[in-house]
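Nothing fancy with the numbering, it's 1 onward along the sequence. Just the heavy atoms: all of them, side chains too, but no hydrogens, waters or symmetry mates, feed the values below.
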Amino acid sequence: MKLNIVPARTGVTWVRLGIRTFFKQPLAMSALFFTFVIFMSFASLLPFVGSVLVLALLPAITLGLMAATLEATNGKFPMPTVLLSAFRAGRQRLRAMLVLGALYAAGFLLIVGLTVLVDGGDFAKLYLLGGKITDEVAQQPRFQLAMWVALALYAPLSMLFWHAPALVHWHGVAPVQSLFYSGVACLRNFWALTVYGLVWLAVFMGVGVVLSVVLLLIGMPESAPAVMLPTALTLASMFFTSLYFTFRDSFVADEPPAAAPADLP
C-alpha cells in the first residue's frame with residue numbers, strides 16, 4: 001500500500017462522486033444513515049457511558065457507511081447489515097477496530113477535558129451530561145473560547161482517524177500505525193481535503209439559502225424547520241457517502257483488493 005498524492009481539484013471530484021453514488025441507491029443510503037443517527041442518538045441516552053460508547057463505536061459505524069458506498073459503486077443494494085461490516089471481519093480486525101474506537105474516545109474526551117482549563121467545565125458538562133445551550137451561556141466569552149479550542153484541537157484528531165478505520169478494515173493495518181498513515185495522508189493531500197470541505201460547506205449553505213428563498217416566495221416561511229431538518233439529514237448522508245472516495249484515492253494498494261470499486265462513469 002502506497003500513499004497517493006492528488007491535486008486540489010480532486011476535492012471537487014470527491015463531492016461529485018458522493019452525490020452521484022448517493023443517487024444510485026438513494027433509499028438505501030438514506031436509510032443506512034438514518035439508522036446510524038438513530039442508533040447513536042439512543043446510545044448517547046445511556047447514563048454515564050452513553051457518550052463514551054458513541055465515541056468508541058463511531059469509527060466502526062463510519063466504516064460501515066463507507067462499505068455501503070463501496071457496494072453502491074459496484075451496483076449492489078447495500079443491506080442494513082453492511083453497517084456491521086467492522087464486526088463481521090474476523091476476531092483480529094474486530095479487536096483492532098475496537099482498539100481504534102477506544103483511542104478515538106480517549107482522544108476526544110481528552111480534548112473535552114482540556115476545555116475545562118478555559119471555561120471551568122461548562123462546555124465539558126454540556127457535552128458529557130447533555131442539556132440545552134442557553135443564550136446566557138452561549139454568549140459567555142469563556143464558553144465561546146472553549147468551543148474554539150475544542151474545534152482547533154479536534155482538527156488534528158480528525159486527521160488521524162480520517163482514513164484509519166478503512167486502513168484497519170481493508171488493509172489489516174495495526175491501529176496505531178493506521179493513525180500515522182491517516183495523518184500523513186491528510187497532510188500530503190491537505191489542499192484536496194480543504195477543497196472537499198469548502199465545497200461541502202458551499203453545498204449545505206447553498207441548499208439552505210435556496211430553500212429559504214423558495215419558502216419565502218410561496219408564503220410558507222414557518223415551514224422552514226420541517227423542511228430544513230430532513231434536507232440537512234439527506235445532505236449529511238451524501239457527505240458520508242463521499243468519505244469512501246477520499247480514502248480510495250489517497251492510497252494505492254500493492255495488489256488490487258478482491259472487491260475493488262468500479263469507477264463511476
Side-chain angles (χ1 to χ4, degrees), residues 1 3-6 10-11 14-15 18 32-33 36-37 39-40 43-44 50-70 82-87 89 92-115 127-128 147 149-197 200-201 236-237 239-251 253:
M1 183 186 60
L3 177 64
N4 186 40
I5 311 299
V6 299
T10 306
W14 291 335
V15 175
L32 289 172
F33 179 72
F36 159 72
V37 172
F39 173 77
M40 290 300 191
S44 65
S51 298
V52 177
L53 179 64
V54 167
L55 291 170
L57 291 177
L58 190 58
I61 302 301
T62 302
L63 183 280
L65 294 174
M66 295 175 71
T69 300
L70 175 57
V82 75
L83 289 177
L84 302 177
S85 296
F87 302 97
Q92 182 177 358
R93 295 196 178 181
L94 171 59
R95 186 183 301 113
M97 190 66 71
L98 293 177
V99 170
L100 197 65
L103 291 173
Y104 180 78
F108 193 93
L109 291 175
L110 176 62
I111 291 173
V112 173
L114 290 175
T115 64
Y127 178 80
L128 296 175
M147 289 194 297
V149 168
L151 182 62
L153 294 176
Y154 182 73
L157 181 70
S158 177
M159 293 172 64
L160 291 175
F161 284 87
W162 191 268
H163 301 301
L167 288 169
V168 166
H169 180 74
W170 279 307
H171 294 281
V173 179
V176 175
Q177 193 175 15
S178 73
L179 298 180
F180 173 76
Y181 288 162
S182 177
V184 171
C186 288
L187 287 174
R188 297 299 299 274
N189 287 319
F190 175 80
W191 290 114
L193 286 171
T194 299
V195 171
Y196 170 77
W200 270 121
L201 179 62
S237 179
F239 168 77
F240 274 89
T241 302
S242 69
L243 289 178
Y244 170 76
F245 300 106
T246 68
F247 165 73
R248 184 194 69 176
D249 293 341
S250 294
F251 298 92

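To the nearest 0.5 Å, atom OG of residue Ser178 and atom CE of residue Met97 are 8.5 Å apart. Here CG of Leu157 is found 9.0 Å from CG of Leu110. Values are rounded to the nearest 0.5 Å. Taken from CG in Leu98 to CG in Leu57, the straight-line distance is 8.0 Å, to the nearest 0.5 Å. The CG atom of Leu243 sits 7.5 Å away from atom OG1 of Thr69, with the distance rounded to the nearest 0.5 Å. Phe108 contributes atom CZ, which lies 10.5 Å from atom OG of Ser158 (distance to the nearest 0.5 angstrom). To the nearest 0.5 Å, the span separating CG on Leu167 from CG on Leu179 amounts to 9.5 Å.
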Pairs under 3.5 angstrom only: tabulate donor-acceptor contacts from the side chains of residues 180-188 to other protein residues two or more places apart or in another chain.
residue	atom	partner	partner atom	Å
Tyr181	OH	Gln177	NE2	2.7
Ser182	OG	Met159	O	2.7
Ser182	OG	Leu160	O	3.1
Ser182	OG	Trp162	N	3.3
Ser182	OG	His163	N	2.9

Inset, instruction - Evaluate the criterion side-chain contact (heavy atoms from CB on, under 4.5 Å) for residue pair Phe33 and Thr241; output intermediate values, then yes/no. - result: CA-CA 9 Å; Phe33 179 72; Thr241 302; over 6 Å; no
Inset, instruction - Give the C-alpha distance, both sets of side-chain angles, the deciding distance and a yes or no for side-chain contact (heavy atoms from CB on, under 4.5 Å) between Arg248 and Leu70. - result: CA-CA 10 Å; Arg248 184 194 69 176; Leu70 175 57; over 6 Å; no
Inset, instruction - Give the C-alpha distance, both sets of side-chain angles, the deciding distance and a yes or no for side-chain contact (heavy atoms from CB on, under 4.5 Å) between Thr10 and Phe245. - result: CA-CA 10 Å; Thr10 306; Phe245 300 106; over 6 Å; no
Legend entry - Residues Leu109, Val52; criterion side-chain contact (heavy atoms from CB on, under 4.5 Å); working and verdict: CA-CA 8 Å; Leu109 291 175; Val52 177; 3.8 Å; yes
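Leu114 places none of its side-chain heavy atoms less than 4.5 Å from the side chain of Val149. Within the 4.5 Å cutoff, no side-chain heavy atoms of Leu58 are placed close to those of Phe161. Side-chain contact between His169 and Ser85 is present, with heavy atoms from C-beta onward closer than 4.5 Å.
Contact detail for Ala192 and Val6: the closest heavy-atom pair is CB-CG2, 3.7 Å. Here the closest non-hydrogen pair linking Leu32 and Val82 is CD1-CG1, 3.8 Å. In terms of heavy-atom proximity, Asn4 sits nearest to Asn189 at O-ND2, 3.0 Å. The two atoms that bring Val168 and Ala96 nearest to each other are CG1-CB, 3.7 Å, heavy atoms only. Contact detail for Leu53 and Ala43: the closest heavy-atom pair is CD2-CB, 4.3 Å. What you find for Ala166 and Leu63 is that their closest heavy atoms are CA-CD2, 3.9 Å.
Using the six-membered ring where Trp is involved, Trp14 and Tyr196 have ring planes that are perpendicular, over 60° apart on the 30 and 60° scheme. Taking the six-membered ring for Trp and thresholds of 30 and 60 degrees, Phe36 and Phe240 have ring planes inclined between 30 and 60 degrees apart.
Of the possible donor and acceptor atoms, none in the side chain of Ser242 sits under 3.5 Å from a partner among the backbone N and O of Val15.
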